[in-house]
Amino acid sequence: MPELPEVETICQDLRTCGLIGEPIRGIVVTWEKTITPLSAEEFSGRLVGRAIARIDRRAKYIHFTLDDGQNLLVHLRMTGAFSIRESRCAMDSHDRVAFIYADRELVFHDTRKFGRMTLCTNTCGIFGRLGPEPFDPTLDAEVFHQKLMSHRRMLKPLLLDQGFIAGLGNIYVDESLFAARLHPCAHADELTPAQASNLLMAIRLVLRESIENRGTSLGEGDGNFHSDGRYGSNATRLKVFQRTGSTCPRCSAIIERRVVGQRATHLCPRCQVLS
DNA sequence: AGAGCTGTTACCAA
DNA sequence: TTTGGTAACAGCTC
C-alpha cells in the first residue's frame with residue numbers, strides 16, 4: 001500500500017510525535033527477518049542509548065538519521081506501519097519491532113512480514129540504486145523526455161521501476177497515466193516531448209493531491225493506520241484505480257482492468273488510446 | 001475448504 | 001536490456 005504520498009505522510013506524523021532527540025531505552029524484536037542481516041542483539045546494541053536526530057523520506061523509504069550518524073532505513077513494503085503506544089502495552093500478534101522510550105514505544109507493525117529495516121553507516125548502497133525523486137527540480141520536462149527516450153519498455157513497468165523514477169507504485173502509476181491520457185502499454189521511446197511533459201506534470205499533480213489528502217487508504221486493512229491512527233482520504237479521489245466497471249469521470253466510458261507486466265492495471269479505453 | 005487475489009521488491013533465468 | 005517467473009507472507013474474497 002504505501003507509496004510516496006503515504007510514506008511522506010507517515011514521515012510528517014513521525015516528525016511531530018516528539019520522539020526526535022529522545023534516547024532509545026530498549027528494543028524488542030519479535031520477527032528477526034525484519035532487521036536482516038543483523039541479529040536482534042546487534043541491532044539493539046547499535047541503537048539503544050541513541051536518539052533519532054531527523055526523519056526524512058527518500059522514495060518509499062523512511063530515513064531515520066541517528067544522533068551518532070548511523071542511518072536506519074525502513075521500507076514498509078505491502079503492510080508495514082508505525083504506531084505510538086503507551087509503555088508496556090501488550091504486543092499485537094503482528095508487531096515486529098518495538099523501540100522503547102522512557103514514556104512510550106514506537107512500534108513497527110507488519111502483517112505480511114515483507115517490511116525491512118536496514119541499519120547502515122552509509123545510505124549510498126540503497127539510495128544509490130534509486131532514480132530521481134518526482135519533485136526533483138533538476139528533473140524537468142526535457143530531462144524526463146530524454147530519460148524516456150533511452151528506454152523502449154512499456155510505460156507502466158518503467159514507471160514502477162524505482163531505478164527509473166522513485167516513489168511510484170501501482171496506484172499512482174495508473175492514476176498518472178490516466179491523467180496524462182497515456183496507455184500503460186505505450187512504449188517509452190515513442191512519446192513526443194509534449195506527451196513526456198504532460199506525463200511528468202501528471203505524476204506531480206497526482207502525488208501532490210494525494211499528499212494533501214494524507215495518502216490513499218484502501219479497505220479496512222490494518223496496513224492502513226498511520227502513526228496517529230488517522231486515515232488518508234485520497235481513495236475517494238482516485239479516477240481509475242480499483243474503479244473497474246465504473247464510468248470514466250472524463251468521458252463516461254467504462255473503466256477497464258487488465259494485467260500489464262503482471263500487475264493489475266486500470267485504464268479508460270477511450271481516454272487512453274495506444275497510438 | 002480451497003483457490004486465487006493483493007498495494008512491493010529482490011533475484012534468477014532466458 | 002528487457003521480460004517473465006518465483007519467492008517472501010498473511011488475510012481477504014468468492
Side-chain angles (χ1 to χ4, degrees), chain A residues 1-10 30-37 57-62 73-81 92-97 108-118 125-131 147-178 184-190 206-207 210-211 213-226 231-245 257-267:
Chain A
M1 173 228 167
E3 304 179 33
L4 187 153
E6 292 75 35
V7 178
E8 180 64 33
T9 301
I10 291 164
T30 50
W31 184 255
E32 271 200 295
K33 268 196 172 183
T34 303
I35 57 168
T36 51
R57 181 192 58 74
R58 171 75 172 104
K60 302 177 195 172
Y61 288 89
I62 303 169
L73 305 185
V74 179
H75 198 296
L76 306 169
R77 293 284 191 100
M78 303 283 276
T79 55
D92 186 276
S93 63
H94 296 126
D95 290 345
R96 309 301 179 195
V97 180
F108 180 69
H109 183 277
D110 185 22
T111 312
R112 286 175 70 176
K113 299 177 174 173
F114 289 169
R116 291 292 179 266
M117 294 189 178
T118 310
I126 290 175
F127 288 170
R129 284 177 299 191
L130 297 171
K147 277 176 66 70
L148 288 166
M149 297 305 282
S150 66
H151 295 271
R152 83 193 69 167
R153 288 215 265 166
M154 290 189 292
L155 240 25
K156 168 144 182 169
L158 185 61
L159 294 176
L160 284 172
D161 185 339
Q162 302 299 298
F164 179 76
I165 187 167
L168 301 180
N170 213 27
I171 299 175
Y172 299 110
V173 166
D174 281 4
E175 291 298 315
S176 298
L177 289 170
F178 171 78
C185 298
H187 289 276
D189 59 357
E190 289 169 355
V206 162
L207 293 178
S210 183
I211 291 169
N213 292 312
R214 297 180 48 79
T216 302
S217 305
L218 294 174
E220 305 293 318
D222 58 13
N224 280 324
F225 66 76
H226 293 159
Y231 282 61
S233 63
N234 199 61
T236 57
R237 333 268 297 215
L238 300 179
K239 309 292 193 293
V240 288
F241 193 83
Q242 288 190 358
R243 293 194 67 247
T244 311
R257 178 193 188 277
R258 61 173 84 175
V259 174
V260 177
Q262 295 109 242
R263 304 299 303 274
T265 298
H266 311 77
L267 73 150

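All figures in this text were calculated on a predicted structure; none of them were measured in a lab. A, B, ... follow the sequence lines: proteins, then strands. Residue 1 opens every chain.
- Distance, A:Asp161 CG to B:dT8 P: 13 Å, rounded to whole Å.
- Taking the centre of each ring, A:Tyr61 and A:Phe127 come in below the 6.0 Å mark.
- In terms of heavy atoms, A:Glu3 sits closest to A:Ile171 at OE2-N, 3.0 Å.
- The line from OG1 of A:Thr34 to CZ of A:Arg116 is 6.0 Å long, rounded to the nearest 0.5 Å.
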In dot-bracket form, 5' to 3', how is DNA chain B paired? Count Watson-Crick and G-U wobble pairs only if both distances fall under 3.5 Å, and write | where the partner sits on another strand. .|||||.|||||||

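- From A:Glu190, atom CD reaches atom CG of A:Leu148 across 11.5 Å, with rounding to the nearest 0.5 Å.
- Residue A:Arg77 has its side chain nearest to B:dT9 when only B:dG7, C:dA10, B:dT9 are considered.
- Checking A:His266 against A:Tyr61, the closest nucleotide of DNA chain B that is more toward the 5' end is the one next to A:His266.
- The phosphate of C:dC9 has neither OP1 nor OP2 within less than 4.0 Å of any side-chain N or O from A:His94.
- Distance check: A:Thr30 OG1 to A:Asp110 CG gives 10.5 Å after rounding to the nearest 0.5 Å.
- Considering NZ of A:Lys239 and CG of A:Leu177, their distance stands at 14.5 Å, rounded to 0.5 Å.
- Screening A:Gln242, A:Arg243, A:Glu175 for a side-chain contact (heavy atoms from CB on, under 4.5 Å) with A:His266, the sole residue that qualifies is A:Gln242.
- Taken to the nearest 0.5 Å, the CZ atom of A:Phe178 stands 11.0 Å off from the CG atom of A:Leu238.
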When you compare the protein's N or O atoms with those of nucleotides 2-6 of chain B, which come within less than 3.5 Å of each other, and at what distance?
residue, atom, partner, partner atom, Å
B:dT6, OP1, A:Arg257, NH2, 2.2
B:dT6, O2, A:Arg112, NH1, 2.9

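- Atom C1' of nucleotide C:dT3 and atom CZ of A:Arg152 are separated by 12 Å, given to the nearest angstrom.
- Look at the P atom in both B:dC5 and C:dG5: the space between them is 13 Å, to the nearest Å.
- Test A:Leu207, A:Leu4, A:Leu160 against A:Leu168 for side-chain contact (heavy atoms from CB on, under 4.5 Å) and you get one pass: A:Leu207.
- Separating the CG atom of A:Leu158 from the C1' atom of C:dT3 is a distance of 13 Å, rounded to the nearest angstrom.
- Straight-line distance from the NZ atom of A:Lys147 to the C1' atom of C:dT1: 15 Å, rounded to whole Å.
- Not one side-chain nitrogen or oxygen of A:Lys33 sits closer than 4.0 Å to the OP1 or OP2 atom of C:dA8.
- Protein atom CD1 of A:Ile126 is 18 Å distant from nucleotide atom P of B:dT8, rounded to whole Å.
- At distances below 3.5 Å, at least one donor-acceptor pair connects side-chain atoms of A:Thr9 with backbone N or O atoms of A:Pro5.
- For A:Arg116 and C:dC9, the CZ to P distance is 8 Å, given to the nearest whole Å.
- Across the protein-nucleic acid pair, A:Lys60 atom NZ and B:dG7 atom C1' stand 9 Å apart, rounded to whole Å.
- A close approach under 4.0 Å does not occur between any side-chain nitrogen or oxygen of A:His75 and OP1 or OP2 of B:dT8.
- Between C:dT6 and B:dG4, the two P atoms lie 13 Å apart (nearest whole Å).
- Rounded to whole Å, atom C1' of C:dT1 lies 17 Å from atom CE of A:Met149.
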